[in-house]
Amino acid sequence: YEFKDKVLIFNGEIYNYLEIKKELEKKNISFETSSDTEVLIKALDFYKEEAFKKLEGMWAFALYDKTKNNILLSRDRFGEKPLCYKKTSDGIYFGSELKFIEKLSKHKEQINLTKSKKYLRYGYNSVFLDDETFKKNIYFLSPSTNAKIGKNLSLKKKIYWSLNYIKEDKQKSFENHIKDIKKTLINSVKIRLRSDVKNIFCLSGGVDSGGVVSVAAKILKVKPSTYSIIDTNSKKYDETHLINKTLKDTKSKNYKLRVGKINFLKEIDKITKYFSSPVLTINYMLYSLMLKDVSSRGYKVILSGNGADEIFSGYYDHYIYHLLDLKKQKKE
């Protein structure tokens with residue numbers, strides 16, 4: 001998208017673009033489309049760096065300023081959208097995939113064995129502790145980071161956001177804290193439902209996805225389509241009875257992918273080649289099967305409850321680890 005002296009390449013979604021659009025319209029800024037891309041480039045033009053305090057969403061974008069002859073690369077707060085780059089003597093290459101970088105630079109990089117050894121030794125949690133990828137000389141732009149490419153291919157990085165711990169408001173009652181959390185959750189689902197294509201909800205038996213679907217159906221009054229993965233080989237992980245309770249309660253449409261025996265190594269090989277990196281968790285295997293089926297049904301956007309289990313203590317062992325960590329910090 002081009003505006004004034006700026007050109008924007010944008011991958012992602014700005015959830016609160018309607019609210020930002022209203023602010024800009026009050027500043028006498030007009031709009032030609034109903035897209036969040038136009039809102040993003042005009043917010044960056046008007047607010048400059050202050051725009052990042054307003055944006056809520058997931059993104060990886062490049063903003064070229066013709067007047068200043070520089071490029072701003074930006075990645076969202078939690079790194080939901082990938083953005084990687086490679087710096088050489090004749091240019092800086094950037095994109096969302098390692099294969100794309102290799103194609104652009106016309107050079108296939110060697111495997112980063114140091115990164116691979118760390119992963120094999122310490123597990124998937126170690127992967128995100130630095131900006132290295134599993135390919136040599138290609139790096140990820142860290143979450144919450146902007147990088148400006150200037151003259152002589154200089155690359156200056158700046159962290160635009162960090163998580164601040166909020167002190168507990170002891171004057172507020174427990175009930176009011178719950179009301180605030182509920183209000184935040186409802187608004188989060190509401191703004192993520194903004195889409196010009198068909199969307200669908202992941203639905204497992206967990207409190208996370210069940211909560212999101214229930215908010216959409218019972219509070220926001222939409223008719224959600226849902227998608228569930230059922231393991232036909234394991235009764236231990238079969239949550240069909242919980243899924244059916246949510247479906248009955250919310251009157252939601254549901255598709256089920258029943259996974260039985262699959263060629264595990266063949267699927268792992270395909271996913272590894274696609275990402276140019278190891279499969280970090282077995283969930284990726286199921287997601288790949290799900291995305292393929294969901295796409296064939298005409299859906300373009302999937303809403304899930306990823307992360308909510310950890311925040312709302314869905315996993316008992318994770319919660320115990322968290323409490324022990326807090327106890328240790330208190331002693332120190």
Side-chain angles (χ1 to χ4, degrees), residues 11-12 58-62 73-147 149 153 155-159 162-163 202 229 231 237 259 261-292 302 304 306-307 309-310 315 317-318 321-322 325:
N11 174 24
M58 54 180 181
W59 67 80
F61 69 72
L73 301 180
S74 181
R75 194 174 180 198
D76 63 70
R77 290 184 177 92
F78 298 102
E80 292 180 79
K81 287 294 180 181
L83 180 54
C84 44
Y85 67 92
K86 173 185 175 181
K87 188 173 181 180
T88 69
S89 58
D90 60 0
I92 293 178
Y93 304 90
F94 59 87
S96 294
E97 295 184 39
L98 304 183
K99 297 192 299 292
F100 178 68
I101 302 291
E102 290 179 319
K103 194 79 174 178
L104 277 179
S105 62
K106 297 179 181 177
H107 179 73
K108 189 161 184 172
E109 297 291 343
Q110 293 182 328
I111 293 173
N112 185 341
L113 293 178
T114 303
K115 182 85 170 179
S116 301
K117 287 176 183 176
K118 283 182 182 177
Y119 164 64
L120 291 172
R121 184 172 183 179
Y122 301 113
Y124 73 91
N125 286 325
S126 67
V127 172
F128 307 106
L129 296 179
D130 56 44
D131 59 359
E132 291 185 8
T133 69
F134 284 94
K135 287 293 185 82
K136 282 187 175 181
N137 304 315
I138 302 179
Y139 299 89
F140 277 119
L141 185 65
S142 298
S144 307
T145 301
N146 291 335
I149 303 173
L153 298 179
L155 188 70
K156 294 183 179 178
K157 297 178 184 178
K158 183 178 180 180
I159 296 173
S162 60
L163 181 63
C202 288
I229 301 176
D231 185 352
Y237 295 107
V259 181
K261 291 182 179 180
I262 59 173
N263 192 324
F264 186 82
L265 293 178
K266 184 180 178 181
E267 292 297 325
I268 286 284
D269 186 54
K270 280 197 291 187
I271 301 169
T272 301
K273 286 176 180 175
Y274 181 84
F275 285 106
S276 301
S277 67
V279 177
L280 301 184
T281 76
I282 198 63
N283 290 346
Y284 285 12
M285 167 78 77
L286 295 173
Y287 273 131
S288 69
L289 297 173
M290 176 186 74
L291 292 174
K292 194 181 296 182
I302 298 179
S304 74
N306 279 359
D309 268 336
E310 287 78 1
Y315 293 116
D317 51 347
H318 287 193
Y321 286 137
H322 178 56
D325 188 51

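Values below: every heavy atom of this structure, side chains too, minus hydrogens, waters and symmetry copies. Just so you know, these numbers come straight off a predicted model, no measurement behind them.
The distance from atom OH of Tyr287 to atom CD1 of Ile229, rounded to the nearest 0.5 Å, is 7.5 Å. Here the CG-OG distance, from Leu163 to Ser144, works out to 9.0 Å after rounding to the nearest 0.5 Å. Expressed to the nearest 0.5 Å, how far CD of Gln110 lies from CD1 of Ile138 amounts to 12.0 Å. Taking CG of Asn112 as the reference point, atom OG of Ser276 lies at 13.0 Å (rounded to 0.5 Å).
Put simply, the residue from Leu289, Val279, Ile268, Thr272 that forms a side chain to side chain contact (heavy atoms under 4.5 Å, CB included) with Tyr284 is Val279. Checking Arg77, Glu80, Arg75 one by one against Pro143, the side chain to side chain contact (heavy atoms under 4.5 Å, CB included) holds for a single residue, Arg75.
A salt bridge links Lys157 with Asp131: the distance from a Lys NZ or Arg NE/NH1/NH2 to an Asp or Glu carboxylate oxygen falls below 4.0 Å.
Heavy atoms only, all atoms of each residue included: Ser288 and Ile271 are closest at OG-CD1, 3.4 Å. Among all heavy-atom pairs drawn from Pro82 and Ser96, the shortest one is O-OG, 3.4 Å. The shortest non-hydrogen separation linking Ser89 to Leu153 is O-CD1, 4.2 Å. Taking both residues in full, the closest heavy atoms of Cys84 and Leu98 are given as SG-CD2, 3.8 Å, listed atom of the first, atom of the second, then distance. The shortest heavy-atom contact between Met290 and Ile302 is CE-CD1, 4.1 Å.
In this view, Lys273 and Asp269 satisfy the salt bridge (Lys or Arg N to Asp or Glu O under 4.0 Å) rule, not counting sequence neighbours. Shown here are the salt bridge (Lys or Arg N to Asp or Glu O under 4.0 Å) partners of Lys136, two or more places apart in sequence or in another chain: there are none. Contacts of Glu132 classified as salt bridge (Lys or Arg N to Asp or Glu O under 4.0 Å), with partners at least two apart in sequence or in another chain: none. Applying the side-chain hydrogen bond (donor to acceptor under 3.5 Å, both in side chains) criterion to Lys81, with sequence neighbours excluded, gives no partner residue. For Glu97, the side-chain hydrogen bond (donor to acceptor under 3.5 Å, both in side chains) partners at least two apart in sequence or on another chain are Lys99. With sequence neighbours left out, the side-chain hydrogen bond (donor to acceptor under 3.5 Å, both in side chains) criterion links Glu102 to Lys135.
Classification of the Phe134-Tyr119 ring pair by plane angle, with boundaries at 30° and 60°, yields perpendicular.
Heavy-atom contacts from other residues, nucleotides or ligands closer than 6.0 Å to CG of Leu120 number more than 12. Within 6.0 Å of NZ on Lys158 lie no more than 12 heavy atoms contributed by other residues, nucleotides or ligands. Other residues, nucleotides and ligands contribute at most 12 non-hydrogen atoms within 6.0 Å of the CD1 atom of Ile111.
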Q: Apply side-chain contact (heavy atoms from CB on, under 4.5 Å) to the pair Thr133 and Ser277, showing each step before the final yes or no.
A: CA-CA 8 Å; Thr133 69; Ser277 67; over 6 Å; no
- Task: Carefully, step by step, assess Phe264 and Met285 under the rule side-chain contact (heavy atoms from CB on, under 4.5 Å).
- Result: CA-CA 9 Å; Phe264 186 82; Met285 167 78 77; 3.6 Å; yes
message = Show, in sequence, the C-alpha distance, side-chain angles and deciding distance for Met58 and Asn11, and conclude whether the side-chain contact (heavy atoms from CB on, under 4.5 Å) test is met.
response = CA-CA 8 Å; Met58 54 180 181; Asn11 174 24; over 6 Å; no
For this session: Could you give me the CA-CA distance, side-chain angles and deciding distance for Leu155 and Tyr85, then say whether side-chain contact (heavy atoms from CB on, under 4.5 Å) is met?
Result: CA-CA 11 Å; Leu155 188 70; Tyr85 67 92; 3.6 Å; yes
Under the side chain to side chain donor-acceptor pair (under 3.5 Å) rule, what do Lys118 and Ser126 come out as? Steps first, then yes or no, please. CA-CA 7 Å; Lys118 283 182 182 177; Ser126 67; over 6 Å; no
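For the pair Phe94/Leu141, no side-chain contact is recorded, criterion being any heavy-atom separation below 4.5 Å from C-beta on. Using a 4.5 Å heavy-atom cutoff, the side chains of Ile101 and Glu109 are not in contact. In this structure, the side chains of Asn146 and Lys156 stay at 4.5 Å or more apart for every pair of heavy atoms. Using a 4.5 Å heavy-atom threshold, the side chains of Leu280 and Phe128 count as touching. At a threshold of 4.5 Å between non-hydrogen side-chain atoms, the residues Asn137 and Thr88 do not count as touching.
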